Amino acid sequence: MSATLTNDGIAERFELLADLLELEGAVAYRVLAYRRAAKTLRETPESVVRLSQQGRLTELSGVGDTIADKVAELIATGHIAALEKLVAATPPGVVPLMRVPGVGPKTAKRVFTELSLSSVDDVLQAARDGRIREVPGLGEKTEQAILEGLQAPRAQKRDRVSSGKLRPFAERIVAQLAMLDEVEDCDIAGSLRRFTETAKDVDVVVATTDPSPVAEAIVASDWVAVVESRGDTKVTCVAHDGTRVDVRMVEPAVFGNLLQHLTGSKEHNVAIREAAVRAGLKVSEYGVETVETGEVIRCRDEAQVYRHLGMDWIPPELRENRGEIEAARSHALPDLVELGQIRGDFHSHTDWSDGKQTLEQLVEAAMAKGYSYLNVTDHSPAVGFGMGLDAGRLRRQIERVRELAARLDGFTLLVGAEVDILKDGSLDYSDELMAELDVVVASLHASHRLDADAQTKRLCAAMENPHVDIIGHPTGRMLGRRDAYPLHMEAVVEKALETGTVLEVSGQPNRLDLRDANVRMAVEAGVKLAIDTDAHSRAALEYMRFGVMNARRGWATADDVVNTREWPEARRLLKDGR
DNA sequence: GCCGTTTTCGGCCCGACTGTTTTCAGTCG
């Protein structure tokens with residue numbers, strides 16, 4: 001039973017528990033505590049089941065004895081008694097109703113009790129009959145929102161999309177606004193600024209002394225499908241593809257305060273403000289106020305906000321309340337890796353396998369980016385579809401690469417391979433063949449359904465091979481399509497350290513694998529990383545920036561990343577160079 | 001229910017906008 005309990009599944013139950021408690025009218029802070037714990041459990045890179053069995057759950061922030069006991073109960077019995085009891089006492093349909101945008105627990109509860117309803121269908125019928133608007137405090141708009149929300153729950157629950165896809169749109173909006181005379185400054189905020197792996201909306205902040213024409217220009221933009229709300233300082237629109245766009249405007253003198261506020265994360269801001277309150281300060285998007293004197297410090301620049309709170313400026317990628325506030329206070333923030341420090345790419349594909357570009361075109365593109373080396377890694381045969389290189393073709397490719405490399409001046413062209421890790425952990429090329437390659441990336445492309453023990457064993461066996469330098473996209477996830485396969489990440493990190501194997505941080509926007517929390521686990525263990533694009537085209541070489549941002553979210557410094565070094569030094573960090 | 005740069009008890013971030021109302025609760029981020 002416990003084998004099927006994922007972190008996400010456990011978090012889901014506490015999420016529901018929080019919703020039901022809120023409906024019941026529980027103390028708000030108790031509800032908040034369950035929500036916080038659910039989020040922590042969901043984002044924990046290690047197995048919550050295992051942490052529970054080791055008695056280590058309360059080490060997680062937001063998880064105390066009560067919640068740890070409930071997790072243990074869930075693992076042991078398959079359910080949480082307190083949750084079952086609340087579920088039984090709540091009419092089915094209240095939870096879906098409270099999750100309709102614009103409807104919260106209070107409204108949902110009122111609808112059910114005032115009209116004596118007992119199901120989603122009842123609510124829909126009541127809305128159609130115009131009975132919702134008869135409930136005191138509710139009106140036509142609410143009735144309409146319920147009707148639409150319940151009939152199209154999927155459309156409302158638009159999935160978060162990869163930030164890589166959303167970012168260009170956000171940049172376009174910023175560029176558009178920056179051209180207006182009334183706009184003094186403009187930036188992306190929110191999760192896109194923090195480079196979270198996915199985002200559900202676009203947040204933009206604007207510095208202006210004249211917000212009205214700016215709001216006018218926004219709602220008149222060609223991308224706007226619906227204007228959801230429009231106030232004096234805030235406009236919310238929905239684009240034609242369903243993307244929600246929030247624009248907030250403030251006077252330039254407090255632009256830094258607003259940018260800090262809207263960059264979040266929510267957890268970061270809450271922690272910042274709680275700390276500020278303890279120091280007698282009040283933080284909002286309009287300034288930092290000394291409560292006792294009423295003096296307000298207004299910050300045009302974001303760094304000033306942090307300085308007034310006694311902290312170093314915190315890079316947006318770290319603002320998740322995962323220790324960055326304490327580090328900023330003691331001047332111990334990491335010196336995060338930067339895009340400009342990347343000297344080469346260890347994972348790329350040409351038209352020898354499934355890449356779009358020829359070898360020559362890809363090399364030219366890498367040189368144009370200012371890199372000093374590129375490792376070409378076409379597929380091995382096991383990947384299927386006949387596109388992988390068999391031993392004969394790989395030998396011919398090695399020759400071709402060596403010939404081309406000899407003609408290049410000031411650029412090191414390396415020949416490698418992305419060799420498949422087979423089901424039993426053995427590799428798709430012989431040791432003799434791999435010995436002829438410069439840098440070998442080993443990846444897993446099939447048999448995703450093995451259980452965690454088998455998958456971990458398989459990956460560890462591959463790392464034992466003396467020719468395997470890098471493990472490509474180590475957890476195999478595809479954002480929005482496929483979860484990471486079950487894996488004991490701690491064991492993988494440990495084996496990487498022991499064998500000197502480098503773990504990849506893929507910049508592919510739909511992979512970002514390792515994910516941030518796993519990057520951090522590797523960094524803390526002292527495992528080296530390679531930030532690669534896994535480019536299958538010239539354009540995809542640009543994915544490096546997403547890889548770098550993701551590594552930054554995992555607290556990686558240039559020192560942690562092998563390809564911030566020139567080739568001779570990078571080589572010494574790989575197995576064959578040792 | 002959780003937690004500690006004042007705390008093992010007493011607090012727990014802050015403001016904008018909407019809808020339904022005449023002063024604000026509810027919802028959202």
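These numbers come from a predicted model, not from an experiment. Proteins get letters first, then strands, A, B, ... in listed order; numbering begins at 1 in each.
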message = Can you check the distance between B:dG29 and B:dC13, where both ends of the measurement are the C1' atom (answer in whole Å)?
response = 12 Å
Taken to the nearest whole Å, CG/A:L57 to P/B:dG1 is 16 Å
Per-nt protein contacts along nucleotides 19-29 of chain B (heavy atom under 4.0 Å; B base, S backbone sugar-phosphate only, - none) come out as SSS----SSSS
Note: A:I325 and A:I314 closest approach over all heavy atoms is CA-CD1, 4.3 Å
* On a whole-Å scale, what distance lies between the C1' atoms belonging to B:dT8 and B:dG1? -> 15 Å
Expressed as a whole number of Å, how far does the C1' atom of B:dG11 sit from that of B:dT6? 11 Å
Below 4.0 Å: OP1/OP2 of B:dC13 and any side-chain N or O of A:Y286: no
Residues passing the ring pair (Phe, Tyr, Trp, His ring centres under 6.0 Å) test with A:F169, sequence neighbours excluded, are A:W223
Query raised in the report: Mind checking the C1' distance from B:dT21 to B:dG26? Whole angstroms is fine.
Result: 13 Å
Taken to the nearest whole Å, CD/A:E274 to C1'/B:dG10 is 13 Å
Across all chains, not counting sequence neighbours, the side-chain contact (heavy atoms from CB on, under 4.5 Å) partners of A:E251 are A:V254, A:R298
To the nearest angstrom, the CZ-C1' distance between A:R248 and B:dA16 comes to 6 Å
Just the table, please: protein N/O against nucleotides 2-9 of chain B N/O, every pair under 3.5 Å.
{"residue": "B:dC2", "atom": "OP1", "partner": "A:G64", "partner atom": "N", "Å": "2.6"}
{"residue": "B:dC2", "atom": "OP1", "partner": "A:G64", "partner atom": "O", "Å": "3.4"}
{"residue": "B:dC2", "atom": "OP1", "partner": "A:I67", "partner atom": "N", "Å": "3.4"}
{"residue": "B:dC2", "atom": "OP2", "partner": "A:T66", "partner atom": "OG1", "Å": "3.2"}
{"residue": "B:dC3", "atom": "OP1", "partner": "A:G62", "partner atom": "N", "Å": "2.5"}

Show every donor-acceptor pair shorter than 3.5 Å between a side-chain atom in residues 54-68 of chain A and any protein atom, with sequence neighbours excluded, or say none if there are none.
{"residue": "A:Q54", "atom": "OE1", "partner": "A:R56", "partner atom": "NH1", "Å": "2.9"}

- Task: With P as the reference atom in both, quote the distance from B:dT20 to B:dG10 in angstrom, rounded to an integer.
- Result: 42 Å
Residues at least two apart in sequence or cross-chain that pass side-chain contact (heavy atoms from CB on, under 4.5 Å) with A:A303, listed by chain then number, are A:D301, A:R307, A:W313
Contacts of A:D560 meeting salt bridge (Lys or Arg N to Asp or Glu O under 4.0 Å) (sequence neighbours excluded), chain-then-number -> none
Applying the 3.5 Å cut-off to both distances, the Watson-Crick or G-U partner of B:dC12 turns out to be B:dG1
Residues passing the side-chain contact (heavy atoms from CB on, under 4.5 Å) test with A:A26, sequence neighbours excluded, are A:L21, A:R30, A:V31
Residues at least two apart in sequence or cross-chain that pass side chain to side chain donor-acceptor pair (under 3.5 Å) with A:Q508, listed by chain then number, are none
5'-most contact on DNA chain B (nearest-nucleotide basis), A:V283 vs A:E228, goes to A:V283
side-chain contact (heavy atoms from CB on, under 4.5 Å) filter on A:E15, not counting sequence neighbours, yields A:R35, A:A38, A:R42
Ordered by number, residues from residues 20-30 of chain A within less than 4.0 Å of DNA chain B (heavy atoms) are A:Y29, A:R30
Query - Lys/Arg N to Asp/Glu carboxylate O, A:E22 vs A:K109, below 4.0 Å - result: no
In short, salt bridge (Lys or Arg N to Asp or Glu O under 4.0 Å) pairs touching residues 269-285 of chain A with sequence neighbours left out are A:R36-A:E274, A:R248-A:E285, A:K282-A:E289
Here the distance between atom C1' of B:dC12 and atom OH of A:Y34, to the nearest Å, is 17 Å
Rounded to whole Å, CG of A:N257 lies from P of B:dC14 at a distance of 14 Å
- Message: Between B:dT23 and B:dT18, how many Å separate the two C1' atoms, rounded to a whole number?
- Response: 15 Å
**Request:** Step through the shown structure and confirm whether more than 12 heavy atoms of other residues, nucleotides or ligands are within 6.0 Å of CD on A:E292.
**Result:** no
Quick note, A:T233 side chain, CB onward, closest among B:dC13, B:dG15, B:dC17 is B:dC17
Around atom CG of A:D129, are there more than 12 heavy atoms of other residues, nucleotides or ligands at under 6.0 Å?
-> yes
A:M249 atom CE is separated from B:dG15 atom C1', nearest whole Å, by 15 Å
A:I272 atom CD1 is separated from B:dC13 atom P, nearest whole Å, by 13 Å
Rounded to whole Å, NE2 of A:H268 lies from C1' of B:dC14 at a distance of 15 Å
